[in-house]
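None of the values given here were measured: they were computed from a predicted structure.
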Amino acid sequence: MQSEAFEKKGPLSFLKSRLFRAIVCLVLTVAGISLAIYGADAIRKYNPAMDTGIVSTELGLGVLGIAMVVICLPVGLFAAFDMLFKPETIVLSNGHTIQRKRSRAPLITILLVLAFWASIYMTDFDLRVIVNRGYQLTAIFKKIFQPRWSYWRDIVGPLVETVKMSIMGSALGSLLSLPFAVFASTNINRNKYVVSVLRVILNIVRTLPTLVIASVCALIFKLGAFAGTVAITIFTFGVVSKMLYESIETIDMGPFEAMESMGAGRIRAFAAACMPQILPTYLSHCLYSFEMNIRAASILGYVGAGGLGILIQDRVGFRDYNSLGTLLIMLFVVVLAIDNISQALRRRLS
């Protein structure tokens, strides 16, 4: 056994490490960028009447900053690349060397920090606004949790309409998705061009938000529940087709191929050999889509597609948060009941 696993490092080893070089180059690069921005700003604000000595100094600092970026950035990137990707050479006590893989944790951390910073910059996120205006959210929630129960009579009709839209749209979309998913499956349909076209169509359908689809349907079919039902049908069709053809591609094709070898047609072989395998999964996907559509249908009224969305828009517009609280509580109870029933049915199917 080895008495020592690795060679002990001296107190100044950190100053010679790639990590130290990468940090120094990063600091110098940031400083160079700052000086370059300062110089560029000086050029932009240049006025011939100003003291040329001051202008020359500013321009010189800008040129120095650009030079620092050009020199330090490649060196820092090279040192960081070595530190993150090049295996570490470790000298053992007996003089032999081994190669140890670098951890990817620093790289992942840097990427996450950069993504977080970019998100804050691009969204103009300001924590001070939340701190200064947060009391408004508390005031609204206080009114919502003091519901006006006498308003429930106005909610029942649109709520029932929302559930009807969800049921009809989910049923139609699920039925339409079955043949489409079959022909979009690579193990059933051997024509790769047809499969590619069908999947492109599905990707386009799933890319469109439900509110956009509802807006278009409202323009075509007039305002009301019918437009909302068509929008939910299209949305369900895209989601269930995607999940179903992925499920079809994982089934056992032995029975299907056996029936084809006995002379059965492709559709008949699929119905007899494959449908029993995918039926529980298919019904589970349909129920899951129905759960999502209950929530989606409740806001389609914002674009004139019927349901609770019109009431929600009115109550928010009139700042009637007490009535809005009644509406949200009733919607929550209905959604919770449907979710529990759907989960129980999906457990049975699985």
Minimum side-chain heavy-atom gap [X]-[Y] below 4.5 Å:
X: Thr138; Y: Phe141; result: no
X: Val230; Y: Phe235; result: no
X: Tyr288; Y: Ser342; result: no
X: Tyr321; Y: Lys142; result: no
X: Met165; Y: Thr233; result: no
X: Met330; Y: Val156; result: yes
X: Leu202; Y: Phe180; result: yes

How close do [X] and [Y] get, heavy atom to heavy atom, and via which atoms?
X: Ser170; Y: Ile232; value: N-CG2, 4.1 Å
X: Ala231; Y: Thr210; value: CB-O, 4.4 Å
X: Val195; Y: Thr186; value: CG1-CG2, 4.0 Å
X: Leu311; Y: Ile155; value: CD1-CA, 4.1 Å
X: Cys217; Y: Ile234; value: SG-CD1, 4.4 Å
X: Asn189; Y: Phe183; value: ND2-O, 2.9 Å

Quick check, are the ring centers of Phe270 and Phe256 under 6.0 angstrom apart? no
Residue pair Arg315 / Ser323, side-chain donor-acceptor N/O under 3.5 Å: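 Distance-only check fails for Arg315 and Ser323.
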Within the 3.5 Å criterion, strictly below it, is a donor on Ser177 or His285 matched to an acceptor on the partner's side chain?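 No - no donor-acceptor pair under 3.5 Å links their side chains.
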To the nearest 0.5 Å, what is the distance between CE on Met253 and OG on Ser185?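 If we round to the nearest 0.5 Å, Met253:CE and Ser185:OG are 9.0 Å apart.
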Residues [X], [Y]: salt bridge by 4.0 Å N-O rule:
X: Asp320; Y: Lys143; value: no
X: Arg295; Y: Asp339; value: yes
X: Glu249; Y: Arg199; value: yes

So, [X] side chain and [Y] main chain: donor-acceptor pair closer than 3.5 Å or not?
X: Asn322; Y: Gln146; value: yes
X: Tyr282; Y: Ser174; value: yes
X: Thr326; Y: Trp152; value: no

With Asp126 via salt bridge (charged side-chain N to carboxylate O under 4.0 Å, His left out) - residues at least two apart: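 With sequence neighbours excluded, Asp126 shows a salt bridge (charged side-chain N to carboxylate O under 4.0 Å, His left out) to Arg128, given in chain and number order.
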Is the number of heavy atoms from other residues, nucleotides or ligands under 6.0 Å of Ile267 CD1 greater than 12?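 Not buried by this count: 12 neighbours or fewer within 6.0 Å.
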